[in-house]
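Quick note on labels: first sequence line is chain A, next is B, and so on, each numbered from 1.
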2 protein chains.
Amino acid sequence: MELAEAKLKFIEAWGKLGSEWGINRTMAQVHALLLITPDALTTEEIMEALSISRGNANMTLRDLIGWGLVEKQHRAGERKEYFFAEKDTWMIARQVAQERKKRELDPVVKILNELSEVKGDDKDPEYKTFKKSVTEINKLAKNVNRTLETMLKTEENWFWGSIFKIFK
Amino acid sequence: MELAEAKLKFIEAWGKLGSEWGINRTMAQVHALLLITPDALTTEEIMEALSISRGNANMTLRDLIGWGLVEKQHRAGERKEYFFAEKDTWMIARQVAQERKKRELDPVVKILNELSEVKGDDKDPEYKTFKKSVTEINKLAKNVNRTLETMLKTEENWFWGSIFKIFK
DNA sequence: ATAAACTTTCAATAATTTTTGAAAGTTTAA
DNA sequence: TTAAACTTTCAAAAATTATTGAAAGTTTAT
């Protein structure tokens, strides 16, 4: 396979995975493009490479910066802004984990905590089932959160090394 | 908070979380409803509870069955089909992990494997950057896959117990 | 100040995804 | 059979989400 073809495949695959996991496809594609590009790109170049409009490119880049996955670079004597992606995969994984935890998991955990406070009659099957499900999911969510928090503080090799040491 | 209000909140929260993670909101809501309902429900009752159409209810239930999260029940002397959800949260987590791995992660890993075979000139920065990103992501994906596979084979308490033993 | 170079905004449009509901299909009982 | 009870299908409509592009905004150089 040619490098050029491989790049397109990578961008496509990353975009698809993103969209299946609740991340805008274009955003994932711009990220993919910057990941496999050695130097920083201008908005113009990104528009060109992915055939997207200026507005779309601009907003997507802003989002990616918001996720901590892309940074601006400016070059002496140039007006244009250049964009480049954090290339360290473990950093990317942590960044994404942190943002999604904050934006999506934490709010649900907050609600689950409230819901597990709801009082009722333990003889009532409606109440019992509700209580049990909420409590169990809450427990699971807390374990996931705890693991994510660990991951955020940990080096990649140590993290996986430790995990696989147990699950040899 | 009233139980009835709490139930609605739970259904809403579960639906929102689902939609943020690439799962159809209605599907997550039907699942939530069945999770907190002690006994099996008919299509009619689900339509009523969530104000959705018959077609939607039918398709959603079919999907949930396909995900292994819901089962049909039939009762002697009745024509109607009843639906109920697997209530064990760990089972749900495993079921979802397994399906998403199969449907979404595995295809990407397959492509990443192909892409990491692409040959090129190690002096070419374009090639080097591509190669490095693909290889690193591939490694991460394999670690995730390995962890998921372990999770699929493991009991809940043992899984978390083992994880937190390291990350005390 | 002015204009060129560049970025941002956002209403309108397009694309995609979800939902509806009525018709067609199936099963069971009499 | 036939008809009632129930389920499935799917084209059309609605809802949601993403994209465009031109105008407005900003910055810099002269």
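Every residue meeting the side-chain contact (heavy atoms from CB on, under 4.5 Å) condition with A:Lys142, not counting sequence neighbours, appears here in chain and number order: A:Asn113, A:Asn138. Residues passing the side-chain contact (heavy atoms from CB on, under 4.5 Å) test with A:Glu12, sequence neighbours excluded: none. In this view, B:Asp106 and B:Lys101 satisfy the salt bridge (charged side-chain N to carboxylate O under 4.0 Å, His left out) rule, not counting sequence neighbours. Qualifying salt bridge (charged side-chain N to carboxylate O under 4.0 Å, His left out) partners for B:Lys139, counting only residues two or more places apart in sequence or in other chains: none.
Evaluation of the ring-ring contact (aromatic ring centres under 6.0 Å, His included) test over residues 105-159 of chain B, restricted to residues two or more places apart or in two chains, returns A:Phe167-B:Trp158, A:Phe167-B:Phe159, B:Trp90-B:Phe159. For the ring-ring contact (aromatic ring centres under 6.0 Å, His included) condition, no pair includes a residue of residues 36-87 of chain B, sequence neighbours left out. Residue pairs that meet the salt bridge (Lys or Arg N to Asp or Glu O under 4.0 Å) test with at least one member in residues 111-135 of chain A, sequence neighbours left out, are A:Glu114-B:Lys9, A:Glu126-B:Lys7, A:Lys132-A:Glu136. Sorted by first and then second residue, the salt bridge (Lys or Arg N to Asp or Glu O under 4.0 Å) pairs involving residues 45-67 of chain A (not counting sequence neighbours) are A:Glu44-A:Arg54.
Judged purely by atom type and a 3.5 angstrom limit, B:Arg75 has no side-chain atom pairing as donor or acceptor with the backbone of B:Lys80.
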Sugar-phosphate or base contact per nucleotide [nucleotides 22-30 of chain D; S, B, -; heavy atom under 4.0 Å]: -----BB--
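Considering only side-chain N and O atoms, B:Asn56 lies under 4.0 angstrom from the phosphate OP1 or OP2 of C:dT20.
Near DNA chain C, meaning a heavy atom under 4.0 Å from it, residues 59-73 of chain A has A:Met59, A:Arg62, A:Lys72 in order of number. Residues from residues 24-38 of chain A placing a heavy atom under 4.0 Å of any atom in DNA chain D, listed by number, are A:Asn24, A:Thr26.
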For residues 17-35 of chain B, please give each side-chain donor-acceptor pair under 3.5 Å, one per line with the distance, not counting sequence neighbours.
| unit_1 | atom_1 | unit_2 | atom_2 | d |
| --- | --- | --- | --- | --- |
| B:Ser19 | OG | B:Lys16 | O | 2.9 |
| B:Trp21 | NE1 | A:Glu104 | OE1 | 3.3 |
| B:Asn24 | OD1 | B:Thr26 | N | 2.7 |
| B:Asn24 | OD1 | B:Met27 | N | 3.2 |
| B:His31 | ND1 | B:Trp14 | NE1 | 3.3 |

